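Take a look at the structure set out below.
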Amino acid sequence: MTEKKVRVRFAPSPTGYPHIGNIRTALFNWLFARHSGGSFILRIEDTDQSRKVEGALEAILNSLKWLGLNWDEGPEVGGDYGPYFQSERLDLYQKYARQLLETGNAYKCYCSPERLDQMRREMVERKESGRSYDRHCRDLSPAQQAEYESQGITPVIRFKVPLEGQTTFHDLVRGDITFDHSELDDLVLLKSDGYPTYHLANIVDDHFMEISHIMRADEWLSSTPRHVLLYRAMGWEPPLFAHLPMILGPDKSKLSKRHGATAVTEFQKQGYLPKAMMNFMALLGWSLDDKTEIFSRDELIKYFSIERISSTAAIFNHEKLNWMNGLYIREMPAEELSKQIMPVLESDLPASVPRPISEEYTMQVIPLIQERINTLGEAASYADFFFLGDELEYDPALLIAKKTDKESTLKALKAGLERLLSINEWNHDSLEGSLRLLAEEQGTKAGQLFSPLRVACTGRTASPGLFETMAVLGREKCLRRIEVAINKLANG
RNA sequence: GGCGCAUUCGUCUAGGGGUCUAGGACAUCGCCCUCUCAAGGCGGAGAUCGGGGGUUCGAAUCCCCCAUGCGCUACCA
């Protein structure tokens with residue numbers, strides 16, 4: 001058996017921003033190519049001029065780059081099978097549409113959109129087959145054709161689907177699938193504007209680009225018999241097919257804008273890590289075994305296989321993504337993390353914080369929030385008090401710990417302030433040592449002293465460890481904030 | 001309406017006739033750790049494998065029927 005070289009493609013159309021489902025398809029193709037030492041090709045299917053969306057192409061390219069899904073052939077990198085934009089290959093499609101015409105596998109259709117529309121509506125009422133077109137133009141005589149031509153009608157070219165029989169093809173994920181020809185319409189191959197439809201362009205390109213495996217979303221399964229028929233009519237060998245399970249929103253419908261931020265660029269913006277994203281997406285419809293779920297990029301490449309792609313649609317689970325992203329954040333070297341968080345802080349911190357923020361200082365802050373954030377985008381809300389001035393905004397009532405009152409809180413703050421004033425070395429250990437000792441001397445529980453100090457220094461009741469926080473904030477800022485707190489409480 | 005695909009804890013999944021009184025993960029709950037919040041550790045609850053028929057000594061696993069969901073049914077991809 002001759003093993004064909006693996007050549008797979010991701011073929012998006014620039015009609016919108018790629019969401020997690022689109023990119024998951026790209027990922028599977030890329031993984032398969034890398035796993036088998038083949039090529040990953042990016043082809044842009046821009047045959048629908050009316051649905052083109054500004055910026056969509058850039059978003060597609062950027063999403064792939066962000067995840068490190070590099071393509072061997074396609075836009076920007078070129079290749080021997082180009083061009084890689086379908087809009088630049090029009091003559092090719094026209095040539096093969098003409099060929100099909102000549103071999104009697106296709107015909108010109110002059111029917112108006114209105115007539116087609118009418119028939120479609122009638123089909124629904126008929127409650128019979130799924131075919132709506134009545135094949136009116138399929139067997140037109142030359143005279144009739146000439147008649148239509150003389151009326152100035154630009155025809156479309158339709159494929160002649162065999163009237164009887166059925167087509168069976170093998171899907172690598174789902175097995176053998178059979179469709180009756182009687183269910184298939186004579187699909188349009190070439191539109192009246194001279195552009196091909198998806199079906200024509202797709203098979204012509206996959207053939208000439210020598211694509212070995214077509215891995216695409218499940219929504220294409222129903223049109224695969226048409227494609228197989230088309231390959232046969234051309235006299236070409238079809239590639240292997242693998243239809244991937246769809247990714248659904250929480251309401252179980254096809255993923256779309258309605259489901260919130262599902263565009264990959266949006267995840268990037270919110271501070272998800274490409275590594276986590278890749279790991280997470282790989283598990284949407286694929287698994288290695290019953291327990292492994294953390295995979296590096298190299299492990300994914302090593303273990304990926306079509307056999308282990310599942311056939312059931314998956315609902316996109318945002319909570320698990322958050323968890324996984326947090327995992328990757330915690331694993332990151334603090335230095336690397338700060339480098340990535342710096343720009344986030346620069347943009348998210350309140351305007352009152354002077355810019356640029358200190359890299360050295362940020363480096364000290366990061367380890368304290370590292371295990372508390374799940375996305376880079378959460379950094380500012382967890383760390384803002386490290387950068388704010390002496391006056392923090394908070395409800396003075398927060399200073400009063402549970403089961404204590406205003407008087408004892410005031411007393412604790414004052415005692416704490418006094419003790420801190422006398423501290424020699426302002427670091428974690430000495431802070432902890434002297435404050436614990438103070439609590440003991442006063443005969444109070446540690447929390448009754450630490451809690452008001454925490455609120456005074458950070459403006460909140462939940463924060464990173466008190467002593468490491470105070471150590472990073474520094475003596476001056478802590479002392480002043482405690483003074484402010486005492487005043488707030490006394491006058492409040 | 002027609003056709004196709006799918007159907008295991010709330011969610012992602014493991015499982016491909018006996019080792020399944022169905023395993024793992026997220027979320028959830030409890031405990032431990034602890035200055036708070038996290039992180040981490042431990043443990044609990046959670047699926048009679050969509051329903052019904054078969055086949056078999058034996059079925060989540062094979063077959064059939066039904067139900068439900070999704071997809072397609074465009075001169076969109």
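Just so it is clear, the model here is predicted, and its values are computed rather than measured. Lettering of chains follows the sequences in order, A, B, ..., and the numbering in each one begins at 1.
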What pairs of nitrogen or oxygen atoms, one from the protein and one from nucleotides 23-27 of chain B, lie under 3.5 Å apart?
from	atom 1	to	atom 2	distance (Å)
B:G23	N2	A:Asp290	O	3.1
B:A25	O4'	A:Glu293	OE2	2.9
B:A25	O2'	A:Glu293	OE1	3.4
B:A25	O2'	A:Glu293	OE2	2.5
B:A25	O2'	A:Lys320	NZ	3.3
B:A25	N3	A:Lys320	NZ	3.2
B:C26	O2'	A:Lys320	N	3.3

_Are A:Arg120 and A:Tyr133 packed together at the side-chain level, in the sense that at least one heavy-atom pair is separated by less than 4.5 angstrom?_
no
Residues pairing under side chain to side chain donor-acceptor pair (under 3.5 Å) where one sits in residues 451-465 of chain A, two or more places apart or in two chains, turn out to be A:Asp384-A:Arg460, A:Arg454-A:Ser463
Residues at least two apart in sequence or cross-chain that pass side chain to side chain donor-acceptor pair (under 3.5 Å) with A:Asp186, listed by chain then number, are A:Tyr107, A:Arg135, A:Arg138
When rounded to whole Å, the CD1 to P distance for the pair A:Ile315 and B:C9 reads 11 Å
Heavy-atom nearest pair, A:Gly21 first then A:Ile247, reads CA-CD1, 3.9 Å
Any strand, both distances under 3.5 Å, Watson-Crick or G-U wobble: B:G16 pairs with none
Taking B:C35, B:G4, B:U13 as options, the one with an atom nearest any side-chain atom of A:Ala314 is B:U13
Here the gap from A:Asn317 atom CG to A:Asn322 atom CG, rounded to the nearest 0.5 Å, amounts to 9.0 Å
A:Phe241 CZ to B:C5 C1', in whole Å, measures 16 Å
A:Trp71 meets the ring-ring contact (aromatic ring centres under 6.0 Å, His included) criterion, sequence neighbours left out, with none
Residue set satisfying ring-ring contact (aromatic ring centres under 6.0 Å, His included) with A:Tyr84, at least two apart, ordered chain then number -> none
B:C35 phosphate, OP1 or OP2, under 4.0 Å from A:Arg436 side-chain N/O = yes
A correct 5'-to-3' footprint of nucleotides 64-70 of chain B, with B, S and - meaning base, sugar-phosphate only and no protein heavy atom under 4.0 Å, is ------S
Per the under-4.0 Å heavy-atom filter, residues of residues 213-231 of chain A near RNA chain B come out as A:Glu219, A:Trp220, A:Leu221, A:Ser222, A:Arg226
Under 4.0 Å between any heavy atoms, over every strand shown, what does A:Pro155 touch: base, sugar-phosphate, or nothing? Just pick one. nothing
- Task: Considering just the side-chain nitrogens and oxygens of A:Thr47, establish if one lies under 4.0 Å of OP1 or OP2 belonging to B:C76.
- Result: no
Between CG of A:Leu435 and P of B:U36 the distance, given in whole Å, is 15 Å
| query | Under 4.0 Å between a side-chain N/O of A:Lys191 and OP1 or OP2 of B:A77, yes or no? | reply | yes
* OP1 or OP2 of B:C76 under 4.0 Å from side-chain N/O of A:Lys52 -> no
- Message: Using 30° and 60° as the class boundaries, would you call the ring planes of A:His227 and A:His199 parallel, tilted or perpendicular?
- Response: tilted
Checking N1-N3 plus N6-O4 or O6-N4 for Watson-Crick, or N1-O2 and O6-N3 for wobble, each under 3.5 Å, the partner of B:U68 is B:A6
C1' spacing across the pair B:A14 / B:C32, given as an integer number of angstrom | 30 Å
Quiz prompt | Any A:Asp171 side-chain heavy atom under 4.5 Å of A:Thr224 side chain | solution = no
Closest non-hydrogen contact found for A:Ala242 with A:Leu172 is CB-CB, 4.0 Å
Hits for side chain to side chain donor-acceptor pair (under 3.5 Å) against A:Thr469, two or more places apart or cross-chain, chain-then-number order -> none
With sequence neighbours left out, the residues meeting side chain to side chain donor-acceptor pair (under 3.5 Å) with A:Gln151 are A:Glu147
In whole angstroms, the gap separating P of B:C12 from CD1 of A:Ile20 amounts to 14 Å
Atom CZ of A:Arg174 and atom C1' of B:U7 are separated, to the nearest Å, by 12 Å
When rounded to whole Å, the CZ to P distance for the pair A:Phe385 and B:C37 reads 15 Å
Side-chain contact check for A:Thr312: nearest option of B:A14, B:U13, B:C75 is B:U13
Heavy-atom nearest nucleotide on RNA chain B taken for A:Ile177 and for A:Arg51; more 5' hit belongs to A:Ile177
query: What is the ring orientation for A:Tyr198 with A:Trp220, classed by angle as parallel under 30°, tilted 30 to 60°, or perpendicular over 60°?
result: parallel
Is it the case that the side chains of A:Asp176 and A:His170 hold a donor-acceptor pair, with the cut-off being a distance below 3.5 Å and no angle test? yes
Ordered by number, residues from residues 443-466 of chain A within less than 4.0 Å of RNA chain B (heavy atoms) are A:Phe450, A:Arg454, A:Thr461, A:Ala462, A:Ser463, A:Pro464, A:Gly465, A:Leu466
Between the protein and nucleotides 45-50 of chain B, list every N/O to N/O distance that falls short of 3.5 Å.
none

Rounded to whole Å, CZ of A:Arg115 lies from P of B:C75 at a distance of 12 Å
Report task. State whether A:Arg131 places a side-chain N or O below 4.0 Å from either non-bridging phosphate oxygen (OP1 or OP2) of B:G2. Result -> no
- Query: Taking everything shown except A:Glu164 itself, do over 12 heavy atoms lie less than 6.0 Å from its CD?
  - Reply: no
Between A:Ile329 and the options A:Ile341, A:Ile369, A:Ile373, the side-chain contact (heavy atoms from CB on, under 4.5 Å) test singles out A:Ile373
In Watson-Crick or G-U wobble terms, with both distances under 3.5 Å, the base opposite B:C31 is B:G41
What's A:Glu468 touching, base or sugar-phosphate or nothing? Going by heavy atoms closer than 4.0 Å.
base
Only one of A:Trp286, A:Phe280, A:Tyr328 passes ring pair (Phe, Tyr, Trp, His ring centres under 6.0 Å) with A:Phe295, and that residue is A:Trp286
Between NE2 of A:His243 and P of B:C72 the distance, given in whole Å, is 12 Å
message: Under 4.0 Å from OP1 or OP2 of B:A74: is there any side-chain N or O of A:Ser132 that close?
response: yes
Sorted by chain and number, sequence neighbours left out, side chain to side chain donor-acceptor pair (under 3.5 Å) with A:Thr362 holds for none
Answer for the Watson-Crick or wobble partner of B:G1, both distances under 3.5 Å, is B:U73
Heavy-atom nearest pair, A:Ser434 first then A:Ser430, reads OG-O, 2.7 Å
Across every strand shown, the nucleotide meeting Watson-Crick or G-U wobble geometry with B:A22 (both distances under 3.5 Å) is none
Does A:Phe179 reach a base, just sugar-phosphate, or nothing at all? Heavy atoms under 4.0 Å. sugar-phosphate
Of A:Trp286 and A:Ala11, the one whose closest nucleotide on RNA chain B sits nearer the 5' end is A:Trp286
message: At 4.0 Å (heavy atoms only), tell me whether A:Arg330 reaches a base, stays on the sugar-phosphate, or touches nothing.
response: sugar-phosphate
Next on the checklist: Need one value for A:Val188: base, sugar-phosphate or nothing, where a base atom within 4.0 Å counts as base even if backbone is also close, heavy atoms only.
Outcome noted: sugar-phosphate
